[in-house]
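None of the values given here were measured: they were computed from a predicted structure. Numbering of ligands and ligand atoms starts at 1, following listing order. One-based numbering along the sequence shown. All heavy atoms count here, side chains included; hydrogens, waters and symmetry mates do not.
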Amino acid sequence: MERLVLLVGLVHVLLVSTMEVNCANILFSGLFGEGSHFLSQVPIARSLAQKGHNITLFISEEFSHRAENPAYAGFHFETFSIPGHPGLIRRTTENTARVAFGKTTSVIQNLELLPDNLFMTKEACRAVLSDTSLMDRLKEIDMIVFDVTWPCGIYMKSYLLRHMNASSIRVAVTSPMSPLQYVHEIAGSPFNPSYQPTLAVGFSASMSFGQRLGNAINWALIHFLGKHYVFDCFSDFKEEFDLDSDLAMSSSFYYKYIDLYLMNIDFAVEFPFPLMPNIIAVGGLTSGPAKPLSEDLEKFMQSSGEDGVVLFSLGTSVSTFASTRSDLMEMFFDAFSRIPQKVIMQLKGPHDYKVPPNVKTLPWIPQNDLLGHSKTRVFMYQGGNNGFQEALYHGVPLVVIPFQSDQPDVAARVVSRGLGVKLNKKLLSADLIHQKLSEVIQNSSYSTTAKRLSAIFRDRPMRPADRAAFWIEHVLKHGGEYMQSPAHELSFIQYHLIDVVLFIIAIIVVIFYLLYRICKCCKSCCFNKSKVAKSKVH
Ligand SMILES: *[C@@H]1O[C@H](CO)[C@@H](O)[C@H](O)[C@H]1NC(C)=O
Ligand SMILES: *[C@@H]1O[C@H](CO)[C@@H](O)[C@H](O)[C@H]1NC(C)=O
Ligand SMILES: *[C@@H]1O[C@H](CO)[C@@H](O)[C@H](O)[C@H]1NC(C)=O
């Protein structure tokens, strides 16, 4: 009898679980296949593949080496090329690294890079929409997950629905960076520049008057640029490819095409702010338990003894500076030769520098695994969001040298939460590097804070990638319309209650006017009466 109950139970579980796995075709478009925008999508794709979904990674042929990489076995790949512009994406990315060491601020750099970036994203999207055989292969797609910096997924959805008889397609957006104002704007979620720092300003949540002024100006600038350039630069595709007429009107119509927003942030370190229900915080996508190191690396780590190891990387694109900036290289090596710690440094490309004996250079480093190693004392790096969360996961304090994009914003979070210190790239010197590194290594408050925030960061019911996968399955089943912000239905005047405020002011004015008239009337009546009374006496 018991066995029968058990068997019935088992059959029930099997049935339910097979019913649950409604295998969907999901396309991931992680900004062409390179860098943090791609890498932070992969764990979500992996989690969905484990649940039985059919995952296709959509990348540029410039990065088609991914398809041969055994780490991505189990995924399908679709590649596109941009006819007439071979190597465009690599060239544009290298530009980003070129200006990184320039004297200009992050806000100005973003503006400088904007035209080239827009040209690249637009040509890439045009190439995708023009490739009818590619579009035909994609017509069975149930869901598109695209990176926020390349909104082509929206135009692909429109194309597939209109021209390829595709049935419903769900769409999710991933954002690998610090909170982006235009994601909030598209999602109709409030963004208040009085306490939410905007992209690249590097402020914390408590701003001085001057900072709030700067933040408000940057907020208006991003609002204007986002509306009129970044998104609407694609609007002529509507004519070119006969897409939905809504698309050409304004980026604020994007919300109709998007079911879900996945933000790579976590409130363990993020300044608190409100979110619409369709924006899910999934910070920490690339972080996780460390895997064992190679024998060679493990030996180097152990050789550091009690002093431990400093990990130094400037990220995928900036690590190429060895060939162009020998002055900086000498500076870093000088500072490293003065500390008792060993140093592991990411350095790309061939070089013939005299490397100090305590330094090991590698073209690629297993960053998360090294951060999880017990000998790692501090992580010095450029301030990328993924690296921030990996260090946070493992409770490693930070020295941040922000260069561009949202890196000053990450640095602001690190400093304001007491996780480490910031180094100004314009003031870099061997002495300063040595001083800041020593401070973070010797003062235990940084590593104590890092351990405390790490415990908060890890204390969540699901892994970030599984949380993202759960929500993707949720909107595949139910759609995301029910979570859409009502703010989109309102005009600017209605949203800010300007009509209501004006109405109330008008009422108050009328009341005061009436009171004034009544008083005046009373006064003149009394005055007249007393006059009359006086004249009677005489
Ligand atoms: C999975 O996706 C690939 C590539 O997009 C497609 O060729 C294949 O038919 C899909 N498999 C299923 C079972 O739908
Ligand atoms: C879409 O459906 C229409 C009508 O059923 C058909 O004529 C057309 O060939 C289909 N197009 C594609 C690309 O399958
Ligand atoms: C250690 O750092 C903290 C936070 O910056 C600071 O408040 C404290 O005074 C420092 N302690 C020493 C001994 O320098």
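- For F38 and Y72, the gap between ring centers is short of 6.0 Å.
- Between F332 and F312, the angle of the ring planes lies from 30° to 60°, which puts this pair in the tilted group.
- Using a 4.0 angstrom heavy-atom cutoff, G418 does not count as in contact with ligand 3.
- Atom 11 (N) of ligand 1 lies below 4.0 Å from at least one non-hydrogen atom of the protein.
- Atom CD of E306 sits in a sparse spot, with 12 or fewer heavy atoms from other residues, nucleotides or ligands closer than 6.0 Å.
- Residue N443 approaches ligand 3 through these ligand atoms, each under 4.0 Å from one of its heavy atoms: 1 (C), 2 (O), 3 (C), 8 (C), 10 (C), 11 (N), 12 (C), 14 (O).
- Of the heavy atoms in N25, only side-chain atoms (C-beta onward) come closer than 4.0 Å to ligand 1.
- Close approach of ligand 3 to S445 is summarised as follows: ligand atoms under 4.0 Å from at least one heavy atom of the residue are 1 (C), 2 (O), 3 (C), 4 (C).
- The aromatic ring centroids of Y195 and F273 lie 6.0 Å or more from each other.
- Nearest protein heavy-atom neighbour of atom 8 (C) of ligand 1: N54 ND2, 3.7 Å.
- Counting only heavy atoms from C-beta outward, the side chains of V128 and M135 approach each other to under 4.5 Å.
- What sits closest to atom 5 (O) of ligand 1 on the protein, heavy atoms only, is T56 OG1, 2.9 Å.
- Here the options are L27, I258, V145, L260, the test is side chain to side chain contact (heavy atoms under 4.5 Å, CB included), and the partner is V171; only I258 passes.
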